[in-house]
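Here is the structure we will look at, set down as structure tokens.
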Amino acid sequence: MAKYPFSDIEAKWQAYWDEHQCFRTPDEIDTSKPKYYVLDMFPYPSGAGLHVGHPEGYTATDILARYKRMKGFNVLHPMGWDAFGLPAEQYAVKTGTHPRETTATNINRFREQLKAIGFSYDWQREVSTTDPDYFRWTQWIFLQLYRKGLAYQAEIPVNWCPELGTVLANEEVIDGKSEVGGHPVVRKPMRQWVLKITDYAERLLQDLDGLDWPDSIKEMQRNWIGRSEGAEVDFAVQGHPDKTIRVFTTRPDTLFGATYMVLAPEHPLAVDLASPEQKDAVLAYRESALRKSELERTELQKKKTGVPTGGYAINPVNGEAIPVWVADYVLWGYGTGAIMAVPAHDDRDFEFATQFQLPITTVVAPVEGSADPGVAFIGEGLAVNSGLIDGLPTAEAKQKITEWLASQGKGQAKVNYKLRDWLFSRQRYWGEPFPIYFVDGEARPVPEEQLPLTLPDVESYKPSGTGESPLSTVEHWLHITDPVTGKPAVRETNTMPQWAGSCWYFLRFIDPKNDTCLVDPGKEKYWMPVDLYVGGAEHAVLHLLYARFWHKVLYDIGVVSTVEPFQRLVNQGMILGEIEYTLFRDGNGHAVSADLVDGEGNHKQTGMALTAEKLTDAEVEKRGEGFVWKQDGAIRIAARAHKMSKSRGNVINPDVVIEQYGADSLRLYEMFMGPLEQVKPWSMRGVEGVYRFLGRVWRMIVDEDTEQLVAAVVDTEPSPEQNKRLHQTIRKVTEDIEALRFNTAISAMMEFVNEATRWTERPRKVLSTFVSLLHPFAPHIAEELWQRLGNDGNLSSHPWPDYDPACLVEAVIKIPVQVNGKTRGVIETDAEAGQEAVVEAALSLATVQAQLEGKTLRKVIFIPGKMLNLVVG
RNA sequence: GCCCGAGUGGUGGAAUGGCAGACACAACGGACUUAAAAUCCGUUGACCGCAAGGUCGUGUGGGUUCGAGUCCCACCUCGGGCACCA
């Protein structure tokens with residue numbers, strides 16, 4: 001028996017699409033047609049190849065791309081590589097292989113794998129961030145940032161990782177260890193390039209409102225930007241008439257409750273202010289605070305530390321002298337690096353004041369009731385003990401005191417952001433070189449016409465050890481002559497972070513071969529913004545924020561026409577491994593119930609390490625909320641799907657799935673698992689389910705013995721029932737694709753097939769239309785069946801079917817009859833029937849009559865065509 | 001601690017405030033087969049009942065409504081993000 005021959009079909013159509021360039025988006029197009037730019041977050045081509053998480057988003061976008069093409073849109077659906085980055089460099093350090101070679105190998109593998117899934121990318125637009133023709137423009141954008149004063153150098157303490165020999169961004173440090181490799185990280189001052197993203201904080205915040213993005217992502221970005229309104233207040237310093245301490249506060253209304261002040265350890269006034277007897281203590285404290293690694297800071301969060309400077313500041317509203325402390329709970333990087341402490345109304349100040357026995361003065365009272373004296377009252381209320389603002393509610397009190405401060409020249413309203421400038425350099429080899437050189441220590445831009453500035457080959461990829469990148473050891477590359485002055489010059493040896501190339505790649509896809517500008521303005525105007533951008537939620541903040549920042553800069557200099565790059569964003573949910581049932585055993589082999597096991601796999605009571613044993617679903621049974629072991633019902637079994645990881649051994653390789661079930665099954669299963677945005681566990685049995693469905697589709701049309709069309713395929717006109725089922729399916733699939741509800745679209749097609757396979761006569765027209773609906777999801781089998789059904793041309797360029805509402809109307813419908821809101825029966829009635837007729841029919845039902853026994857009909861709720869509810873009592 | 005999101009059969013999930021559990025998996029029964037696989041047909045939320053039918057049922061407790069998985073309030077659990085940002 002010739003079963004649905006997926007591997008032949010898939011190879012055949014992939015070759016066909018390639019040969020005929022079916023998915024090519026030409027440079028010159030009919031721009032009177034609507035456009036659809038559907039984009040995936042391009043991958044980092046790792047050595048491990050594709051995992052099943054990649055094709056999830058890619059299948060979703062491919063369905064949209066194929067659907068929109070059939071709908072008559074010009075579609076831009078490109079793919080490329082975010083190929084700079086640490087893994088290839090670490091591999092180079094280990095093996096001496098040039099990262100360029102590793103990257104090329106990995107890219108080829110990825111491209112092959114993606115092609116094997118049948119994605120309809122326009123491969124002629126492929127770009128790689130590592131290609132000099134690409135990063136030429138990354139460097140060009142950097143020069144524009146530099147010219148606008150948005151790129152500057154600063155000597156700042158950074159996360160220095162001795163093990164990796166490089167500096168890490170905050171987001172690459174997790175619990176004081178490097179995200180990659182888990183090596184310890186310490187703070188070390190270094191000269192860095194920094195991008196002034198903070199200049200764009202307000203616009204990055206404001207423009208979120210107009211975007212069709214998940215609320216959670218917008219909220220995360222808002223929190224990251226962290227706008228807060230308040231006031232800056234200047235405190236005079238006792239005994240130092242030339243100095244003031246400026247603080248930022250969001251609660252200027254609590255100024256009368258400031259009982260001490262705190263400076264960040266880095267604050268220059270900390271030492272200036274220190275009294276002779278405190279100076280040594282302050283210096284020692286600063287030293288230890290600066291040396292603390294991120295890890296220590298995190299660990300020490302539990303207990304606040306600090307020392308008094310011995311100096312005093314004057315509260316501008318009441319002239320009181322209050323002590324000034326140094327403590328590392330105040331951050332140098334936010335606001336002014338100094339605060340006024342109001343322990344009565346701030347949790348952190350309260351904790352500190354309690355610990356060091358500093359006075360606590362209440363200046364805000366709750367509007368109703370009284371505040372708990374054991375904690376800080378941080379809510380809004382009415383000002384008390386507060387002079388000119390006494391009795392005012394918080395909002396008014398803030399305003400009035402701020403105005404008063406301004407009139408006295410002692411403060412003003414101020415907005416602050418949590419967002420920090422973007423540390424933009426890395427001490428690595430495998431990244432874009434900065435188009436910058438130094439003459440007499442002065443930074444100079446490399447002339448634009450000399451771009452790209454390419455990476456030299458190096459002897460060794462090992463970090464130089466000093467913290468500088470391997471580039472600092474390449475003498476012939478490093479030393480140049482300044483073309484302007486003729487003086488000797490040295491190149492910048494830092495390289496750009498991986499984020500750089502991904503900040504603008506969506507623009508290059510529009511015009512990938514242009515060598516006079518990064519994107520042709522006409523093409524940009526037509527294609528931008530990206531209509532749908534799909535990718536993982538792990539990029540919720542950084543990539544999306546950085547890309548938005550660059551885009552706004554490019555907008556400001558007239559390179560792009562939209563203020564935002566990504567109009568609609570969808571995050572696909574992570575795919576977890578198969579659900580695992582785990583039985584725990586102690587050292588003696590005795591089973592331990594899962595509720596006695598902690599997160600690390602140790603016994604909660606004895607702390608003993610336990611061994612985990614995987615069980616099959618036949619060995620467990622559901623009891624109450626969880627699962628128990630069939631052999632011993634007292635033993636609870638942990639039932640959970642885990643994140644796929646090499647160490648856990650639960651990684652699913654898409655190649656294996658394609659080999660066993662075919663690319664169409666892989667695509668279909670990825671979409672059938674559940675809603676796109678949701679986290680969901682993989683199940684090989686689920687793959688088999690959709691594979692069987694495709695087999696049924698095949699056998700609905702093709703005879704497995706003869707390889708010819710089955711006899712039931714006829715050229716008769718479809719019956720009204722057949723038309724109804726078909727047009728219901730068209731409507732459902734169309735609406736579901738538009739709404740990205742691919743799982744229910746597939747269900748609808750399954751329902752169609754379940755019914756159609758029972759038809760002894762299957763009109764060719766109906767089957768052809770069905771196959772065109774299936775096409776975006778399972779393109780190979782669809783193209784093959786389309787052809788076998790005798791249709792001309794490739795299905796990819798065939799128009800999407802419209803449904804005919806006339807086929808959907810029903811003469812007789814079923815209406816549920818409820819009594820007091822509970823369904824007691826169903827009546828069949830004319831679709832147009834009025835209330836009277838329906839009630840009459842309902843009352844004739846025996847089940848309804850039984851419910852009405854001895855009761856009075858009080859009310860009738862009738863929704864025409866929907867339902868009937870009889871209210872009785 | 002704070003901010004999001006989610007809790008529905010044995011499992012993944014479906015339901016514009018209107019018949020809860022579509023579709024699929026698993027399980028069970030049957031057909032085909034020497035047998036198995038594949039395929040096809042059927043049953044499948046729990047409980048009571050020979051049946052007709054009934055009772056209960058969407059994390060928990062309240063509320064709004066003729067009617068709540070869906071809306072409101074409080075709580076519990078899980079997942080994600082942030083975390084001394086003044």
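In what follows, chains carry the letters A, B, and so on, assigned in the order in which the sequence lines appear, proteins first and then strands, with residues in each chain numbered from 1.
Between Tyr329(A) and Thr757(A), the residue anchored nearer the 5' end of RNA chain B, judged by the nucleotide with its closest heavy atom, is Thr757(A). In this structure, Ile746(A) and Lys859(A) both approach RNA chain B, and ranking their closest nucleotides by distance from the 5' end singles out Ile746(A).
When the P atom is used for both G67(B) and C56(B), the distance is 15 Å, rounded to whole Å. Look at the C1' atom in both U44(B) and C76(B): the space between them is 32 Å, to the nearest Å. Comparing the P positions of A68(B) and G62(B) gives a spacing of 14 Å, expressed to the nearest Å. Look at the C1' atom in both C19(B) and G5(B): the space between them is 30 Å, to the nearest Å. For the C1' atoms, the distance linking G61(B) with C84(B) amounts to 37 Å, nearest Å. Between the C1' atoms of C71(B) and G29(B), the separation comes to 44 Å (whole Å).
In G45(B) the base sits anti relative to the sugar, since the glycosidic angle is further than 90° from 0.
Taking the six-membered ring for Trp and thresholds of 30 and 60 degrees, Phe627(A) and Tyr581(A) have ring planes more than 60 degrees apart, a perpendicular arrangement.
Residues Val330(A) and Val262(A) approach most closely at CG2-CG1, 3.5 Å, considering heavy atoms. Heavy-atom minimum distance, Leu255(A) versus Leu405(A): CD2-CD1, 3.9 Å.
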Exercise. If a protein heavy atom is under 4.0 Å from the base, mark B; if only from the sugar-phosphate, S; if neither, -; do that for nucleotides 8-21 of chain B going 5' to 3'.
Key: --SSBSS-B-BBS-

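Listed candidates were A26(B), A22(B), A86(B). Nearest to the side chain of Tyr334(A) is A86(B).
The phosphate of C40(B) has OP1 or OP2 within less than 4.0 Å of a side-chain N or O from Arg699(A). OP1 or OP2 of A38(B) has not a single side-chain nitrogen or oxygen of Arg696(A) nearer than 4.0 Å.
Counting any heavy atom pair closer than 4.0 Å across all strands shown, Thr249(A) reaches sugar-phosphate atoms only and no base atom. At a threshold of 4.0 angstrom between heavy atoms, the contacts of Arg824(A) are confined to the sugar-phosphate backbone, with no base atom among them.
Across the strands present, A24(B) finds its partner in U11(B); the criterion is a Watson-Crick or G-U wobble pair with both atom distances under 3.5 angstrom.
Rounded to whole Å, atom P of G81(B) lies 12 Å from atom CG of Leu542(A).
Comment: Glu202(A) engages Arg227(A) in a salt bridge, judged by a side-chain N to carboxylate O separation of less than 4.0 angstrom.
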May I have the list of side-chain donor-acceptor pairs in residues 212-222 of chain A shorter than 3.5 Å, sequence neighbours left out?
{"from": "Trp213(A)", "atom 1": "NE1", "to": "Phe566(A)", "atom 2": "O", "distance (Å)": "2.8"}
{"from": "Lys218(A)", "atom 1": "NZ", "to": "Leu208(A)", "atom 2": "O", "distance (Å)": "3.4"}
{"from": "Lys218(A)", "atom 1": "NZ", "to": "Leu211(A)", "atom 2": "O", "distance (Å)": "2.7"}
{"from": "Glu219(A)", "atom 1": "OE1", "to": "Arg222(A)", "atom 2": "NH1", "distance (Å)": "3.0"}
{"from": "Gln221(A)", "atom 1": "OE1", "to": "Arg548(A)", "atom 2": "NH1", "distance (Å)": "2.8"}
{"from": "Gln221(A)", "atom 1": "NE2", "to": "Ala540(A)", "atom 2": "O", "distance (Å)": "2.9"}
{"from": "Arg222(A)", "atom 1": "NH2", "to": "Asp209(A)", "atom 2": "OD1", "distance (Å)": "3.4"}

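For the pair Lys304(A) and Tyr329(A), the cation sits on the ring face: its NZ or CZ lies under 6.0 Å from the ring centre, inside 45° of the axis.
For Glu738(A), the salt bridge (charged side-chain N to carboxylate O under 4.0 Å, His left out) criterion is met by Lys68(A), not counting sequence neighbours.
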